[in-house]
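Every chain is numbered from 1, with letters handed out A, B, ... down the list of sequences. Treat the numbers as computed from the prediction; the structure is a model and nothing was measured. All heavy atoms count here, side chains included; hydrogens, waters and symmetry mates do not.
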Amino acid sequence: MTKIISFESSADETSVAIVEDGCTILSNAVATQINSHQRFGGIVPEVASRHHIEWITRVLDDALQTANIKPIELDAVAVTYGPGLVGSLLVGLMGAKTFALAHNLPIIPVNHLAGHIAAANFNRPIIYPALALMVSGGHTELVLMREENNFSVLGETRDDAAGESFDKVGRLLKLPYPAGKTIDDMAHLGQATIKFPTAMAHEDNYDFSFSGLKSAVINYVHHAEQKGETINRNDLAASFQNAVIDALLGRTRRALQDFPVKSFVLAGGVAANSQLRQALAELLEQFQNTQFIPVPQLYTGDNAAMVGAAGYWNYKKKKFAGLDLNTNPGLDFELLES
Amino acid sequence: MKEILTNNRDETQKFAALVAALSSPGLVIALNGDLGAGKTTFTQGFSRALGVTERVKSPTFNIMNTYHTHHFPIYHFDAYRLEETGAQDQGFEDYVGTDGVTLIEWPQYMKDLLPNNRLELIFTRGKYDDSRKIQINGVGSAVEIERQL
């Protein structure tokens with residue numbers, strides 16, 4: 001049994017987890033800035049990195065206590081070193097290095113995006129070759145995995161990420177951040193009556209574009225305001241969400257047709273969207289030889305357990321780093337060579 | 001203060017290429033404008049004109065993306081997510097206005113880091129969905145760039 005303690009601090013969440021053999025979560029302590037804002041009844045004027053510093057030792061203690069594990073029982077320390085905000089990444093990285101040094105444990109560098117995909121193992125084991133749709137606030141990518149821990153990007157967004165478009169439309173509609181859950185709820189109450197463009201549907205690649213959709217929604221609201229018309233906000237939410245899902249579905253279908261895989265993983269924060277999960281489950285019914293493995297809803301957002309899952313892949317391959325490991329804010333997977 | 005009108009994305013990107021031709025390392029360009037006003041579109045045209053082949057994507061999530069031209073880096077900032085937290089303690093000082101050209105979207109949320117010499121561009125919607133008004137304001141030494149545009 002391999003027990004890995006893992007650290008994640010690339011964006012808004014500070015998290016430490018202990019995961020056994022990359023699939024059994026013994027603990028997963030997460031502190032989010034969004035919660036602390038809510039707890040104090042408003043925005044706490046703290047920068048992201050300062051928030052991570054305040055929380056890192058507390059979530060570390062919590063993770064060890066909940067798992068009832070002593071440091072001597074651990075085998076390695078996994079940590080997200082990119083992509084993300086440099087100031088935020090550094091806190092988790094320094095926490096992980098310090099813990100590793102103090103307890104004489106090897107350090108495993110983890111790509112945050114690999115972590116999101118590895119979280120599918122908390123549902124059931126990924127079978128290879130596999131395809132993953134990674135959709136979050138910062139990324140929208142179709143990733144081919146020929147084998148475990150091997151990633152090539154088939155297509156990605158050319159401008160805004162899918163989750164980003166949810167947040168920006170949310171801002172336009174004056175919804176709280178992050179807006180994904182609220183838009184999903186509103187969409188269920190509305191009808192997709194407005195026809196927004198699904199960008200690049202006919203282009204010969206696997207790329208996405210959500211900037212045009214954002215502009216179309218802005219234009220729609222703008223025109224309605226000018227004419228003094230009232231917008232049915234639920235219908236707008238449903239129409240927007242439909243357009244995003246259409247785009248994701250179209251590209252995924254094409255990739256599944258061109259690359260027959262044994263499993264398909266849905267990962268990233270936007271994977272929590274109920275309509276997207278439903279639509280992809282239906283699409284996958286047409287691909288009998290491909291198993292649909294969405295990341296469990298609880299682990300779609302940023303968390304350290306997923307870093308422990310991906311860290312285990314590197315652990316098996318003995319991909320360790322020294323204490324000189326640095327952050328890589330722009331870290332990404334390689335593009336598929338054509 | 002100068003003002004130009006563009007009819008579509010292509011014209012906005014052609015204008016960006018004109019600005020790029022007048023740019024040199026150390027220049028900071030503040031890109032003001034609401035959601036969908038054309039800030040990232042401008043940056044795409046600007047970078048392409050300087051030979052950037054990498055994909056120029058929205059930096060909203062990472063806050064900063066770096067691109068490489070033949071001669072100097074381009075630092076593409078988006079302070080959108082810093083509205084509530086501010087830009088301190090993130091190490092951004094190491095980039096803004098240093099060895100590359102810095103473009104900043106939502107500069108109002110990074111005010112403390114803006115140098116006195118900078119090119120301010122303000123994007124607003126025009127009469128039509130795709131048309132834009134771009135106001136040009138050279139502050140300090142950047143007044144020379146405004147003059148040449």
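- Separating the OG1 atom in B/Thr40 from the CZ atom in A/Arg158 is a distance of 15.5 Å, to the nearest 0.5 Å.
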- Query: Given A/Ile218 and B/Leu35, is the side-chain contact (heavy atoms from CB on, under 4.5 Å) satisfied, shown in steps?
  - Reply: CA-CA 8 Å; A/Ile218 293 170; B/Leu35 281 179; 3.9 Å; yes
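- Proximity to chain B involves both the backbone and the side chain of A/Lys168, based on heavy atoms less than 4.5 angstrom apart.
- Distance check, rounded to the nearest 0.5 Å: CG of A/Asp159 to OG of B/Ser58 gives 8.0 Å.
- Residue B/Asn116 qualifies as open at atom CG: its count of foreign heavy atoms under 6.0 Å is 12 or below.
- One finds a salt bridge joining B/Arg55 and A/Asp207 here, because a Lys/Arg side-chain nitrogen approaches an Asp/Glu carboxylate oxygen to under 4.0 Å.
- Atom CG of B/Asn62 and atom NE2 of A/His139 lie 6.0 Å apart (nearest 0.5 Å).
- Nearest heavy atom pair, residue A/Leu85 against residue B/Phe61, reads CD2-O, 3.6 Å.
- No more than 12 heavy atoms of other residues, nucleotides or ligands sit less than 6.0 Å from atom NZ of B/Lys111.
- Sparse packing is recorded around OH of B/Tyr95, with 12 or fewer heavy atoms of other residues, nucleotides or ligands lying under 6.0 Å away.
- To the nearest 0.5 Å, atoms NZ (B/Lys57) and OG (A/Ser211) are separated by 13.5 Å.
- Using modelled atom types, one finds a donor on one side chain and an acceptor on the other under 3.5 Å when comparing B/Asp129 with A/His223.
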